[in-house]
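First up is the structure itself, then whatever we jot down about it.
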Amino acid sequence: MSVDSYLRRWHLTPDGAAIRTPGSDLLPVVWQGLPAMLKVARSAEERRGNALMVWLNGQGAARVYRHEGAALLLERLESVPDLAALALGGQDDEATRILCGAAAGLHRQRPGWPPDLPELRRWFRSLETAQVRGGAFAPAWATAQRLLADPRAVQPLHGDLHHGNVLRSRERGWLVIDPKGLIGERTFEFANLLCNPTLTHALTPGRLERQSALIAREAGLDRARLLAWVGAYAALSAAWHLEDGQEEPARQSLAVSALAHSLR
């Protein structure tokens with residue numbers, strides 16, 4: 001069903017401009033006097049993310065008020081302060097600590113696992129294909145194979161944890177939105193943080209060294225293994241960029257991968 005269908009079905013009042021992303025349609029609304037966000041998925045990946053939000057049940061994540069089919073009605077969180085702006089404005093450490101705290105809320109132990117989430121290994125098929133290009137792809141694929149063959153602390157993951165997907169509730173603190181949803185090693189979850197909020201910022205001299213050490217302390221991770229995951233993930237991201245014809249982001253992502261490999 002369309003956004004308009006759910007407006008009628010759930011008695012929602014529009015409260016802002018519609019937003020269209022590659023995988024979903026979103027609209028700020030008011031529901032029973034509460035500010036909310038209506039999200040209608042248009043892809044299987046977004047549907048899986050919706051199912052994970054339902055499973056999280058508001059623990060470490062925005063609350064789900066209603067759900068049906070491809071649609072979620074979510075607690076509307078605050079985008080101020082903006083974590084990307086915080087990091088780019090000289091408070092990188094503070095933004096990273098907030099992100100690690102949000103990850104801790106997301107990763108708390110829960111009974112059972114949500115159904116039908118893909119395994120992390122499936123995501124790396126694009127890197128396997130790209131490694132024939134050589135260059136930084138080849139060592140990154142070798143690293144990915146080693147990590148995937150010996151997974152540790154496997155659990156449900158957000159899959160796209162970064163500065164734009166952690167927002168604030170005045171009552172409950174920092175919470176996640178918009179997961180992709182997958183099953184994999186917990187350390188992998190943090191690799192994306194080190195490629196954000198921009199690739200240019202990620203390549204700032206000394207930034208990867210400092211933030212990887214900070215994340216390792218805050219999240220209780222082995223720093224060398226975290227850097228290995230950054231090397232693998234950044235090359236995977238480069239493969240995805242090339243699939244989309246985005247050569248400059250692919251080049252920068254490969255530079256992050258090479259830097260991570262050099263620091264282990």
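Positions are given from 1, in the same order as the sequence printed here. Note that this is a predicted model, so its numbers are computed, not measured.
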Provide the full list of salt bridge (Lys or Arg N to Asp or Glu O under 4.0 Å) pairs with a residue in [range], sequence neighbours left out, each pair given once.
range            : result
residues 95-107  : Arg97-Glu218
residues 129-144 : none
residues 108-130 : none

Set of residues satisfying side chain to side chain donor-acceptor pair (under 3.5 Å) with respect to [X], sequence neighbours excluded:
X      : answer
Gln109 : none
Arg225 : Glu185
Asp15  : Arg76
Thr200 : Gln252

Spell out, as yes or no, whether a donor-acceptor pair under 3.5 Å connects the side chain of Asp222 to the backbone of Ala224. yes
Measure from the side-chain N and O atoms of Arg48 to the backbone N and O of Ser43, and report whether any donor-acceptor pair falls under 3.5 Å. no
Identify, with sequence neighbours excluded, every residue that meets ring-ring contact (aromatic ring centres under 6.0 Å, His included) alongside His261. none
Please list, one pair per line, the donor and acceptor atoms closer than 3.5 Å that link side chains of residues 58-73 to other protein atoms, with sequence neighbours excluded.
unit_1 : atom_1 : unit_2 : atom_2 : d
Glu68  : OE1    : Arg9   : NE     : 3.0
Glu68  : OE2    : Arg9   : NE     : 3.0
Glu68  : OE2    : Arg9   : NH2    : 3.1

Of all residues at least two apart in sequence or in a different chain, which pass the salt bridge (charged side-chain N to carboxylate O under 4.0 Å, His left out) check with Arg146? none
Does Glu247 CD have over 12 foreign heavy atoms under 6.0 Å away? no
Please determine whether salt bridge (charged side-chain N to carboxylate O under 4.0 Å, His left out) holds for the pair Glu248 and Arg251, giving the CA-CA distance in whole Å, both sets of side-chain angles, and the decisive distance to 0.1 Å. CA-CA 5 Å; Glu248 180 56 20; Arg251 184 195 67 77; 2.6 Å; yes
Side-chain H-bond candidate by donor/acceptor type, Thr129 with Ser126, under 3.5 Å: no
State, without any angle test, whether His158 and Asn192 hold a side-chain donor-acceptor pair at a distance under 3.5 Å. no
Among Ile, Leu, Val, Met, Phe, Trp and Tyr joined by side-chain contacts under 4.5 Å, find the other residues sharing a cluster with Trp141 and list them by chain and number. Leu120, Trp123, Phe124, Leu127, Phe137, Leu147, Leu148, Leu157, Leu182, Phe188, Trp229, Tyr233, Leu236, Trp240, Leu242, Leu254
Can you give each donor-acceptor pair under 3.5 Å made by side-chain atoms of residues 27-39, sequence neighbours left out, with the distance rounded to 0.1 Å?
unit_1 : atom_1 : unit_2 : atom_2 : d
Lys39  : NZ     : Glu46  : OE1    : 3.0
Lys39  : NZ     : Asp178 : OD1    : 2.8

